[in-house]
Amino acid sequence: TVSFTVCALFDLVEKTAARLPVRLGIYLAFWAFAHWEAVYLIRGTGPTPWLWDVGFIGCCYMAMGRYLKPLLFRRWACAAAAVLLAVLLALRLLGVSAYLNGFAVELWSHTHRYPLLDFAVPFAGFVLLANLSRILPARGLGAALCSFGRYTIPIMALHQSVVQVCRAAGIENPLVLWVLAAGIPYLIGRFILENIPPLRAWLL
């Protein structure tokens with residue numbers, strides 16, 4: 001439902017707002033409203049119907065990819081993204097900041113007070129992923145990164161189940177959980193769904 005909302009909103013804005021400043025203003029308004037709603041309106045009440053507020057955020061991410069694309073494939077952008085994520089991860093693992101310890105990219109929980117981090121962390125991840133997919137060899141990890149977007153549906157559908165199974169097995173490290181929650185559904189999509197014709201359409 002979030003994917004549908006994101007695509008519908010993005011297509012609507014792109015086709016109805018003729019001027020670029022108007023489109024960017026709409027995306028910023030989406031971003032601001034979703035965070036205002038999550039923090040002040042229905043904080044802690046659980047997901048909204050169809051996760052429409054998360055769709056607002058996803059629509060903004062699509063706009064970032066479209067309009068900031070010229071900045072993505074620059075060495076300084078890749079280096080800055082890697083440094084930012086490394087610093088934030090180190091501070092999180094060291095537990096030196098209560099502010100960082102409360103952050104997670106889960107807007108649907110309606111507990112967020114981190115609009116800057118909600119922008120910086122995913123966008124830095126996009127930049128790093130895009131550059132690594134170009135730098136690494138076409139086979140192996142490089143090929144996996146290039147095709148990662150194709151398997152976002154199984155990742156979205158299965159990541160929470162993977163996390164719960166891992167926690168039941170005694171795995172609690174957030175970094176390990178994040179890697180497994182993305183990696184295992186990716187492998188399921190890549191080697192199982194991709195090779196079963198009735199299920200392959202799910203990936204399209």
Side-chain angles (χ1 to χ4, degrees), residues 1-6 34 38 43-48 50-51 53-55 57-58 61 81-115 117-133 136 139-196 198-204:
T1 56
V2 173
S3 179
F4 171 78
T5 303
V6 168
R43 183 182 180 209
T45 61
T48 56
W50 277 36
L51 293 175
D53 47 355
V54 184
I57 296 294
Y61 289 151
V83 169
L84 174 65
L85 292 175
V87 169
L88 292 176
L89 179 61
L91 293 174
R92 176 73 175 265
L93 294 178
L94 291 173
V96 299
S97 169
Y99 180 82
L100 284 177
N101 289 345
F103 173 71
V105 186
E106 294 176 351
L107 187 69
W108 61 267
S109 63
H110 301 299
T111 56
H112 277 253
R113 294 182 181 273
Y114 313 97
L117 290 177
D118 279 333
F119 170 84
V121 172
F123 186 65
F126 298 156
V127 172
L128 195 59
L129 186 66
N131 280 275
L132 287 176
S133 66
L136 295 174
R139 294 185 176 182
L141 183 58
L145 292 176
C146 287
S147 63
F148 199 78
R150 179 171 171 79
Y151 304 102
T152 52
I153 291 180
I155 291 171
M156 280 294 296
L158 300 174
H159 73 281
Q160 285 294 341
S161 299
V162 172
V163 168
Q164 295 306 318
V165 170
C166 290
R167 283 179 171 165
I171 301 173
E172 293 291 344
N173 184 285
L175 181 60
V176 174
L177 287 174
W178 184 88
V179 171
L180 293 176
I184 292 176
Y186 167 82
L187 294 175
I188 291 173
R190 176 68 178 83
F191 295 106
I192 298 178
L193 300 180
E194 193 76 58
N195 294 303
I196 301 177
L199 297 178
R200 190 180 302 153
W202 195 45
L203 299 173
L204 299 178

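The analysis underlying the following values was restricted to heavy atoms, covering all of them including side chains, and did not include hydrogens, waters or symmetry mates. Small disclaimer: the values here were computed from a predicted structure and weren't measured.
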Next item on the list: Kindly write out the residues that satisfy side-chain contact (heavy atoms from CB on, under 4.5 Å) with Val83, not counting sequence neighbours, or none if the list is empty.
Entry: Val87
Item checked: Value rounded to 0.5 Å, distance of CG in Leu187 from CG in Leu158 -> 11.5 Å
Notebook entry, point to check: For Ala34 and Ile57, which heavy atoms make the closest approach, and how far apart are they?
Noted result: CB-CD1, 3.7 Å
Next item on the list: Quick one: sort the Phe123 and Phe119 rings into parallel, tilted or perpendicular, breaks at 30° and 60°.
Entry: parallel
Please report, to 0.1 Å, the donor-acceptor pairs under 3.5 Å made by any side chain of residues 174-182, with sequence neighbours excluded.
none

Notebook entry, point to check: Taking all atoms of both residues into account, what is the closest heavy-atom pair of Leu128 and Ala82, and its distance?
Noted result: CD1-CB, 3.8 Å
Item checked: Under the side-chain contact (heavy atoms from CB on, under 4.5 Å) test, residues paired with Val165 that sit two or more places apart -> none
Note to self: For a quick test of reading the model, state the closest non-hydrogen atom pair linking Ala124 to Ala81 and the distance between them.
What the structure shows: O-CB, 3.4 Å
